[in-house]
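A quick write-up on the structure given underneath.
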There are 2 protein chains.
Amino acid sequence: MTTTRSRGSRRLEILGAAANLFAARGFHGVSIEDIGGAVGVSGPALYRHFSGKEALLAEMLLGISSRLRESAAAAVTSPGGPEETLDALLNVQITFALEQPALITVHDRELGNVPEPERRQIRRLQRLYVEEWVTVLAELHPSCPPPRLRAATHAVFGLLNSTPHSAGELPARAMRLLLHAMARAAIAASVNAH
Amino acid sequence: MTTTRSRGSRRLEILGAAANLFAARGFHGVSIEDIGGAVGVSGPALYRHFSGKEALLAEMLLGISSRLRESAAAAVTSPGGPEETLDALLNVQITFALEQPALITVHDRELGNVPEPERRQIRRLQRLYVEEWVTVLAELHPSCPPPRLRAATHAVFGLLNSTPHSAGELPARAMRLLLHAMARAAIAASVNAH
DNA sequence: CGGTTACGTTAATGATGACTAACATCGGCC
DNA sequence: GGCCGATGTTAGTCATCATTAACGTAACCG
């Protein structure tokens, strides 16, 4: 029945289904059976693809933070001044938040359930991602102390990641523009206010 | 040993400890034993105060959304024009986010684990809270369509609730001002951008 | 064909965890 | 002093769940 899946496609299918379930009910609220069921196999079949539930989560979070950091690095090294770079970073985060709300949700809730070796690496990638933002903001506003820029960055992430909460309120294009405008304004204010 | 606790203080102590644990590890990641242990009693003692784990969560979320909605109603009925009302609403949410980060976290993650009778009521309170915001924003910007205002409101909540992520980056007073300025600017932009 | 590899299946197994039962303690209060 | 309600305790009980075992099957490769 399974029409000769391209290698690794099953892994991805599982990761996707698990992401939705984790986002909806939390890591501990989802059973191996649930995940298997969501892709049409039942329970222990998952162990053919992952060494365990935690390993699955680890791979998921590692994938997310790698992709984010990679995209950010691309945005930063692309041509253009800091203003254009900031726009590129905004687009990275907005695109991710709009297209993968489940991944965004899991990404900032479930780090605590990742076992130690990988946990450290994910943290590292997340920190690097934040620092790309802080670096660009510092270029734009050299007088603003870094801790303030960091706090502003987290606030902007919160703003952009609100997508899962306002699902369907607006069409994607309008939402994209709205988030971009709000984030831009928030950043400007974060720096001007003293 | 327990110096004649005023009635109900134990309940509150338990609710507080449980909030911290739920925020850190998620509802299903925390055991009854954990919660008991956090207040110095062990395990099943909790059933003297709550009928079960889900009931405990329900009461927690109900308390949060009631308090928020109540504060919002107070802000709305206080004297002053829409600008002042918006400032008051901002202060409500910022104060809550800064002083009770665990409650804020639980509030927007764990609704799905509340059993049905109470779930509906919590949803209702949350909706009312959002509508207080939307009403004030609509007064300020009558030309902006409500769905857009709703999306903007959720985005502002996301921004303000970022507090748990940037814990300790800035002193509380500075954080408060920063969040206020960013939120104000984001709201203005949400409306101006066409 | 014979064997190996990739993927699944259904039964254990062993923990963990929510909830209940049976049994204290202790501070009022008559 | 003796009853009682509030509050704990420890030892079950019964589910649920992650993980493993033992056992197909089918494509592919020699």
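So you know, we letter chains A, B, ... as the sequences are listed, proteins then strands, and number each from 1.
- You'll find that the side chain of Ser31(B) is closest to dA18(C), out of dA18(D), dG8(C), dA18(C).
- For the atom pair Ile122(A) CD1 and Leu62(A) CG, the distance stands at 5.0 Å (nearest 0.5 Å).
- By the 30° and 60° cut-offs, the orientation of the rings of Phe157(A) relative to Trp133(A) is perpendicular.
- Between the axis at the start and the axis at the end of the helix from dC1(C)-dG30(D) to dC30(C)-dG1(D) there is an angle of 10°, using five pairs per end and rounding to 10 degrees.
- The distance from atom CZ of Arg11(A) to atom P of dA6(C) is 13 Å, rounded to the nearest whole Å.
- Distances were taken from every side-chain heavy atom of Ile32(B) (C-beta onward) to each of dT9(C), dA18(C), dG8(D); the shortest belongs to dA18(C).
- Residue Gln126(A) is tested with His107(A), Arg69(A), Glu131(A) for a side-chain hydrogen bond (donor to acceptor under 3.5 Å, both in side chains); the sole match is His107(A).
- The side chain of Arg48(A) lies closest to dT9(C), out of dA18(D), dA18(C), dT9(C).
- Remark: Arg127(B) does not engage Glu132(B) in a salt bridge, criterion side-chain N to carboxylate O under 4.0 Å.
- Nucleotide dA18(D) holds its P atom 12 Å from the CG atom of Asn113(A), rounded to whole Å.
- For the pair Lys53(B) NZ and dC19(C) P, the interatomic distance rounds to 8 Å; values are reported in whole Å.
- Nearest-nucleotide assignment on DNA chain D puts the 5′-proximal partner with Gly40(B), out of Glu33(A) and Gly40(B).
- Remark: P of dA6(C) and CZ of Phe50(A) are 16 Å apart, rounded to the nearest angstrom.
- Among the atoms of the strands shown, none is found under 4.0 Å from any heavy atom of Gly43(B).
- Both Pro44(B) and Ile14(B) lie close to DNA chain D; mapped to their nearest nucleotides by heavy-atom distance, the more 5′-ward contact belongs to Ile14(B).
- Protein atom OH of Tyr47(A) is 12 Å distant from nucleotide atom P of dA21(D), rounded to whole Å.
- The listed nucleotides are dG8(C), dT9(C), dT7(D); the one nearest the side chain of His49(B) is dT7(D).
- A side-chain N or O of Asn161(A) and one of Gln93(A) form a donor-acceptor pair less than 3.5 Å apart.
- Between the C1' atom of dA18(D) and the NE2 atom of His28(B) lies a distance of 16 Å, rounded to the nearest Å.
- In this structure, CD in Glu59(A) is found 5.0 Å from CZ in Phe50(A), a value given to the nearest 0.5 Å.
- For the pair Glu54(B) CD and dA18(C) P, the interatomic distance rounds to 11 Å; values are reported in whole Å.
- Listed by chain and residue number, Phe96(B), Leu103(B) satisfy the side-chain contact (heavy atoms from CB on, under 4.5 Å) test with Gln100(B) (two or more places apart in sequence, or in another chain).
- For Phe27(A) and dA18(D), the CZ to P distance is 8 Å, given to the nearest whole Å.
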